[in-house]
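Chain letters run A, B, ... following the sequence lines, proteins first, then strands; residues in each count from 1.
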2 protein chains.
Amino acid sequence: MYLEKRGREEMENLAESIINGMEAEGLRITVQRKLIAELFSSSRGFVLPRQVHTHISRHIPGVSYDTVYRNLRLLVQINLIEQFDFPDGVRFKLRCGPDHHHHHFICQSCHMTYPLDFCPVDHGIDPPDGFVIRSHKFEIYGLCGDCSRKPKED
Amino acid sequence: MYLEKRGREEMENLAESIINGMEAEGLRITVQRKLIAELFSSSRGFVLPRQVHTHISRHIPGVSYDTVYRNLRLLVQINLIEQFDFPDGVRFKLRCGPDHHHHHFICQSCHMTYPLDFCPVDHGIDPPDGFVIRSHKFEIYGLCGDCSRKPKED
DNA sequence: CTATGTGCAAAAAGTTTGCACTTTT
DNA sequence: AAAAGTGCAAACTTTTTGCACATAG
């Protein structure tokens, strides 16, 4: 059973560990960055840069887009969040822990993600002559339980 | 063993079948469209809109970008080419025949593709409660034989 | 001849950059 | 006080749109 939102405590821990990750890289903890950490820790799905901007705006009315983009780029670089291309634009989500390799089910309506433990690369893939594998992508798209019951939500 | 380029005859047949596909949809066959068909039939990999534009420009010096985009969009709609998001931008390639479902090895240097018959969705995937699967993505990225020997080519 | 496609120019959307000012440490 | 981050404004890239002209059927 999956929850729409993370519990308050879990979410605060997550936000804290994002902040710690930033500090570990020598980054300064600004209000803007705290708000970004808060957003990613409270949402289990993919968010658009626009949504990040909207979230920060609610607390700092005049945030600029370049701050949003600069920080998203930074967080991707230091590996705290990951970037995905969707038909409607680039989206970001909290990077999953390094505990074990996994892929995702992704809801095309609410952009929530669910772990998928099967990894096709473990199953006898046979690359063409001389091909050196560097990475792979495996995702399953569809509608999550909630959205398939009452579609057209975002 | 894979060839850099398709043979002349194979390539002409492909170009012709792209043209036929367009005609079947009631589209008119313009010089621009012939050139696009030619490009996709001669390249086995993914191309950027900019590369399409450059290709047509060699024959029609003043082609406009909107013609390129309009036609790419059109060809995607009528299912003759497919669109992929790469870190450096959207790319397009000829759609593989409907003969059988397959995925791809994709070279990150030259953007050439190689078929990969294994499909993870056939192997006991267990979606979360109520999740309705609509599509999936599976690609393996790396360097093809040629590029791994002499890297940094595009 | 008519419908469709193209080129042009301009607009829109998303993202990046340089620089002066502000905030964190 | 110094270093790093932010806001602003402007630039840039990619893609889309409206309209007059050109071309395929």
Check: Cys107(B) main-chain N/O paired with Thr113(B) side-chain donor or acceptor under 3.5 Å
no
Between C1' on dT15(C) and CG on Leu74(A), what's the gap in Å once rounded to a whole number?
16 Å
Can you find a side-chain donor-acceptor pair between Gln108(B) and Arg134(A) that sits under 3.5 Å?
yes
Under a 3.5 Å distance rule, please check whether Ser43(A) uses its side chain to pair with a backbone N or O of Phe40(A) as donor and acceptor.
no
Using whole Å, what does the distance between atom P of nucleotide dA24(D) and atom CD of Glu23(B) come to?
13 Å
How far apart are the closest heavy atoms of Cys119(A) and His101(A), and which atoms are they?
SG-NE2, 3.3 Å
Donor-acceptor under 3.5 Å (His103(A) side chain, Phe138(A) main chain):
yes
Counting side-chain heavy atoms from CB outward, which of dG5(C), dT6(C), dG25(D) is closest to Ile29(B)?
dG25(D)
Enter the inter-axis angle for the ends of the helix from dC1(C)-dG25(D) to dT25(C)-dA1(D) (five pairs per end, rounded to 10°).
30°
How long is the line joining NZ of Lys34(A) and C1' of dT6(D), in whole Å?
15 Å
note: Met22(B), atom CE; dA24(D), atom C1'; distance rounded to Å ~ 14 Å
Let me check something: any side-chain donor-acceptor pairs from residues 17-30 of chain B under 3.5 Å, sequence neighbours excluded? List them with distances.
{"unit_1": "Ser17(B)", "atom_1": "OG", "unit_2": "Leu14(B)", "atom_2": "O", "d": "2.9"}
{"unit_1": "Asn20(B)", "atom_1": "ND2", "unit_2": "Glu16(B)", "atom_2": "O", "d": "3.4"}
{"unit_1": "Thr30(B)", "atom_1": "OG1", "unit_2": "Arg33(B)", "atom_2": "N", "d": "3.2"}

When all nucleic acid strands are considered with a 4.0 Å heavy-atom cut-off, which category describes Gly26(A): base, sugar-phosphate, or nothing?
nothing
Value in whole Å for how far the P atom of dT23(D) lies from CG of Asn71(B):
16 Å
In whole Å, what is the span from the CD1 atom of Ile60(A) to the P atom of dC8(D)?
12 Å
Atom CZ of Arg33(B) to atom P of dT23(D): distance rounded to whole Å?
15 Å
Using whole Å, what does the distance between atom C1' of nucleotide dT25(C) and atom CD of Glu25(A) come to?
17 Å
So, is Gln32(A) near the phosphate of dG7(D), with a side-chain N or O under 4.0 Å from OP1 or OP2?
yes
May I ask you to check whether Thr54(B) and Ser57(B) show a side-chain donor-acceptor distance below 3.5 Å?
no
Nearest-nucleotide comparison on DNA chain C, the residue closer to the 5′ end among Ser64(B) and Arg28(B):
Arg28(B)
When you check the phosphate oxygens OP1 and OP2 of dA4(D), does a side-chain N or O of Thr30(A) lie under 4.0 Å from one of them?
no
Protein heavy-atom contacts under 4.0 Å, written 5' to 3' over nucleotides 12-17 of chain D as B (base), S (sugar-phosphate only) or - (none), form the string --SBBB
Given the ring of Phe84(B), does Arg91(B) sit roughly above its face, with NZ or CZ under 6.0 Å from the centre of the six-membered ring and within 45° of the axis?
no
Is the shortest side-chain N/O distance from Thr67(A) to OP1 or OP2 of dG5(D) below 4.0 Å?
no
Look at the aromatic rings of His104(B) and His102(B) and report parallel, tilted or perpendicular, splitting at 30° and 60°.
perpendicular
